[in-house]
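Proteins come first, then strands; the chains are lettered A, B, ... in the order of their sequence lines, and each starts at number 1. Fair warning: this is a prediction, and the values are worked out from it, not measured in the lab. Every heavy atom of this structure was used, including side-chain atoms; hydrogens, water molecules and symmetry mates were not.
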2 protein chains.
Amino acid sequence: MKNQDKKIRIKDIALLAGVSEGTVDRVLHNRGEVSEKSRIVVEKILEEINYSPNLLARSLASKKHFRFVCLIPNHQPEDYWESVERGFDLARKDYLQYNIHLEKHLYNQFDLNSFTSVSAKVLDSKPDAVIFAPIFREQALNFTQELNLQKIPFSFIDSMIEDVDFISYYGQNSFQSGYVAAKLLLNSLPDHAQVIIIRTKRKGGESNQTITRSKGFMQYINDKHLINFELINVDLTDDNEEANLNVLREVFNTNNNIKAAITFNSKVYRLANYLNSLHCTNIRLIGYDLLEENIKYLKSDVISFLLAQRPDKQAYLTIRDMCSELIFKQKIKKTNYVPIDILMKENIEDYMEFRE
Amino acid sequence: MKNQDKKIRIKDIALLAGVSEGTVDRVLHNRGEVSEKSRIVVEKILEEINYSPNLLARSLASKKHFRFVCLIPNHQPEDYWESVERGFDLARKDYLQYNIHLEKHLYNQFDLNSFTSVSAKVLDSKPDAVIFAPIFREQALNFTQELNLQKIPFSFIDSMIEDVDFISYYGQNSFQSGYVAAKLLLNSLPDHAQVIIIRTKRKGGESNQTITRSKGFMQYINDKHLINFELINVDLTDDNEEANLNVLREVFNTNNNIKAAITFNSKVYRLANYLNSLHCTNIRLIGYDLLEENIKYLKSDVISFLLAQRPDKQAYLTIRDMCSELIFKQKIKKTNYVPIDILMKENIEDYMEFRE
DNA sequence: GGTAGTTCTGTGTTCGCACACGAAATTATT
DNA sequence: AATAATTTCGTGTGCGAACACAGAACTACC
């Protein structure tokens with residue numbers, strides 16, 4: 001229709017400016033080596049014409065190759081991190097055309113040393129960019145400093161470290177997601193209902209995210225001055241099913257008005273499991289993340305709500321933005337909170353089906 | 001790492017097969033003019049090597065240009081259709097590189113003749129593909145037949161017509177979204193609560209989508225054998241605010257246990273408005289679509305839930321898929337139900353912020 | 001004014017693919 | 001067997017931009 005649909009080539013503006021194509025090229029990439037005079041002329045035309053390069057041709061011709069390294073925890077099948085990896089794989093495919101080579105490196109998320117050693121190796125390999133999940137805060141911080149020193153740009157995924165010069169971050173606002181969970185869990189409960197909060201002790205302590213979610217949850221209760229129910233904290237172990245069952249049995253024996261339960265990590269399916277074993281029905285149950293097991297219990301009405309993000313999407317976009325920044329020189333948004341998706345039995349189907 | 005990262009050019013496979021590049025090209029596009037013998041050889045290599053063309057180079061070299069026409073209702077600012085248009089605009093920008101030219105044509109969604117005349121004009125202009133919203137079923141059906149005759153591929157948006165040979169469709173499962181609404185609206189209501197359903201008479205009758213949502217809503221009630229509440233149907237007009245207010249006032253006067261309300265079109269903000277005027281608080285209110293006004297009331301806790309889709313995304317993907325099909329010859333999914341997004345005050349912020 | 005050194009500029013090649021045109025090989029026709 | 005008709009094949013050019021290299025213009029210095 002209008003200007004948007006017309007193609008303008010370097011050749012054209014060279015013609016208009018009365019200089020050679022080489023000169024235009026030099027101005028575009030400010031490679032120096034251009035006289036003040038012709039630079040001004042070309043820049044004026046560039047401005048007027050609102051030139052935008054043909055990205056296809058650009059990367060086709062470009063001899064530059066980029067190595068992006070993704071550094072994330074290793075994981076079980078159907079894990080949260082597997083989704084992340086799927087996103088990276090998709091991006092790898094899409095961006096290969098742009099001469100971008102994606103490498104994945106994994107570390108053990110329960111072993112601090114694993115992170116330091118793998119990250120050191122990554123540094124040695126001199127990548128053009130790094131995308132990583134800063135699970136161990138301090139070590140991650142060190143890593144970012146090294147990256148800065150070597151002028152290697154990096155992005156965070158899943159969680160982030162403030163006050164550090166990263167390219168972009170995609171992740172959920174954990175606090176807010178706890179807040180949302182509270183609303184869903186506590187809204188229109190019968191008076192004097194009892195609500196249990198499950199925490200799981202695991203090696204390495206509770207994760208940051210889990211803690212933040214819990215804070216958001218509590219904040220909601222404070223904000224709304226909710227008092228017509230009773231909160232019961234229950235601590236479970238990471239590995240002893242038998243013990244956990246006993247603890248829960250005891251809880252249910254001594255409290256006979258439990259109407260709701262929540263856990264802030266992604267393992268709500270285990271809780272669902274226990275409730276099933278104990279024949280506790282009619283309990284409003286909320287958890288996080290779309291693990292296969294979680295979905296199963298959501299579909300069978302044991303779990304009422306799952307709060308989800310889109311890890312694969314986040315991973316993909318992180319790569320995309322890194323490209324935009326490094327290669328296409330476009331300005332991008334640094335901190336991106338992804339939506340807190342509310343899933344229940346009735347809308348999970350379409351959600352899962354729709355992978356975009 | 002492995003094969004994925006190696007680039008294979010036509011030149012390479014020509015070399016491997018011992019034929020000329022021209023021949024490979026002919027096999028790839030089966031332009032005929034290739035002897036059985038060399039075709040087989042090339043095809044075998046193609047298979048082995050798992051060749052995938054460089055899309056950048058392909059469309060850079062291609063002289064083909066495509067004209068896609070989008071045919072949607074005209075609309076108010078901040079309307080549902082404006083989002084759709086935004087999606088198209090974005091796609092237009094992204095796909096211009098691929099020699100695709102997007103045109104938008106608008107028709108009056110309350111005037112059947114407007115559709116027929118605009119669609120006729122579109123046909124005359126012989127576009128390479130058409131994307132349209134089949135608001136008027138019968139006229140749309142005629143249109144598809146003409147398109148078929150002229151071998152112009154087309155996709156639906158927003159709603160669809162079954163049993164017609166379209167390329168793709170993105171839209172919400174209206175029935176299911178009614179079902180979801182029912183669950184959110186009716187779950188854990190106090191006993192004997194009253195629930196009002198608002199319908200709006202408008203010229204041209206209720207829209208298909210509205211009717212289907214309502215059916216889904218009712219189906220939920222049936223499926224769950226819910227009986228502990230009373231449904232009250234209220235009919236409002238499209239234009240007479242005064243009358244509507246009176247009707248509602250009357251309803252609230254004669255029923256003093258109204259706890260929830262829903263409307264199946266996107267104008268729930270009007271209902272919110274009325275409730276405000278009548279000083280009816282503490283009513284669980286659910287509606288559809290992210291109109292600015294709706295969001296306002298959601299944020300101020302008048303509306304409890306909004307069910308949303310992503311019209312811009314749908315529009316964008318429709319274009320993308322049309323390209324995949326026509327230009328990149330990839331197989332795509334025909335019917336795509338988009339997720340039913342559940343928004344409330346606490347998660348709308350991140351959702352709106354995240355435009356991907 | 002001549003030469004060396006520096007800054008600037010024009011041209012040519014390449015990326016991977018599409019497409020056209022003409023040459024070569026094959027088949028048909030007399 | 002020679003020629004015409006047809007099928008197959010090889011090569012060259014262009015898409016829009018990146019980059020390299022050599023040559024031109026300009027500067028500095030003796």
Flag for B/T116-B/S119: side-chain donor and acceptor within less than 3.5 Å | no
Nearest-Å distance for atom pair OH/P, residues A/Y98 and C/dG16 = 15 Å
Distance, rounded to the nearest Å, where B/N99 contributes CG and D/dG16 contributes P = 8 Å
Does the pair B/R39/B/E36 count as a salt bridge with the N-to-O cut at 4.0 Å?
-> yes
Salt bridge (charged side-chain N to carboxylate O under 4.0 Å, His left out) against B/R320, all qualifying residues, sequence neighbours excluded = A/E356
Can you find a side-chain donor-acceptor pair between A/E103 and A/H101 that sits under 3.5 Å?
-> no
Just by distance, do the side chain of B/D79 and the backbone of B/E82 share a donor-acceptor pair under 3.5 Å?
-> no
By nearest-heavy-atom nucleotide on DNA chain D, the more 5' of B/E36 and B/S62 is B/E36
Mind checking B/K11 for me? I need base, sugar-phosphate or nothing, with any heavy atom below 4.0 Å counting as a touch.
-> nothing
A/K64 NZ to D/dA20 P: how many Å, rounded?
-> 10 Å
Tabulate atom names and distances for all N/O pairs under 3.5 angstrom spanning the protein and nucleotides 9-11 of chain D.
unit_1 : atom_1 : unit_2 : atom_2 : d
D/dC9  : OP1    : B/S35  : OG     : 2.9
D/dC9  : OP1    : B/S38  : OG     : 2.9
D/dC9  : OP2    : B/S35  : N      : 3.0
D/dC9  : OP2    : B/S38  : OG     : 3.0
D/dG10 : OP2    : B/S20  : N      : 2.8
D/dG10 : OP2    : B/S20  : OG     : 2.8
D/dG10 : OP2    : B/T23  : OG1    : 3.4
D/dG10 : N7     : B/R26  : NH2    : 3.2
D/dG10 : O6     : B/R26  : NH2    : 2.3

For D/dC19, does either OP1 or OP2 sit under 4.0 Å from a side-chain N or O belonging to A/R31?
-> yes
Report yes if a side-chain nitrogen or oxygen of B/K63 is closer than 4.0 Å to either non-bridging phosphate oxygen (OP1 or OP2) of C/dA20; otherwise report no.
-> no
Geometric class of the A/Y98/A/Y95 ring pair [parallel <30°, tilted 30-60°, perpendicular >60°] = tilted
Check whether any side-chain N or O of B/R9 sits under 4.0 Å from OP1 or OP2 of C/dG16, and answer yes or no.
-> yes
Could you tell me whether the side chains of A/D158 and A/Y170 share a donor-acceptor contact shorter than 3.5 Å?
-> no
Does a nitrogen or oxygen in the side chain of A/Y51 sit under 4.0 Å from OP1 or OP2 of D/dA17?
-> yes
Looking at B/K64 and B/D128, does any basic side-chain N land under 4.0 Å from a carboxylate oxygen?
-> no
May I have the distance from A/L28 (atom CG) to D/dA17 (atom C1'), rounded to whole angstrom?
-> 10 Å
Mind checking B/L60 for me? I need base, sugar-phosphate or nothing, with any heavy atom below 4.0 Å counting as a touch.
-> base
Starting from P on C/dC19, measure out to CG on B/N30 and report it in whole angstrom.
-> 13 Å
note: A/H29, atom NE2; D/dG16, atom C1'; distance rounded to Å ~ 12 Å
For B/N54, answer base if it contacts any base atom (sugar-phosphate contacts may also be present), sugar-phosphate if it contacts only those atoms, and nothing otherwise; contact means non-hydrogen atoms under 4.0 Å.
-> sugar-phosphate
What heavy-atom pair brings B/S59 and B/N99 nearest, and what distance separates the two atoms?
-> O-ND2, 3.7 Å
Check whether any side-chain N or O of A/N336 sits under 3.5 Å from a backbone N or O of A/K333 as a donor-acceptor pair, and report yes or no.
-> yes
Quick one: bend of the helix from C/dG1-D/dC30 to C/dT30-D/dA1 from 5 pairs per end, to 10°?
-> 60°
Grab the CG-P distance between B/D25 and D/dT8 for me, whole Å please.
-> 16 Å
Starting at atom NE2 of A/H65, determine the distance to atom C1' of D/dC19, rounded to an integer number of angstrom.
-> 14 Å
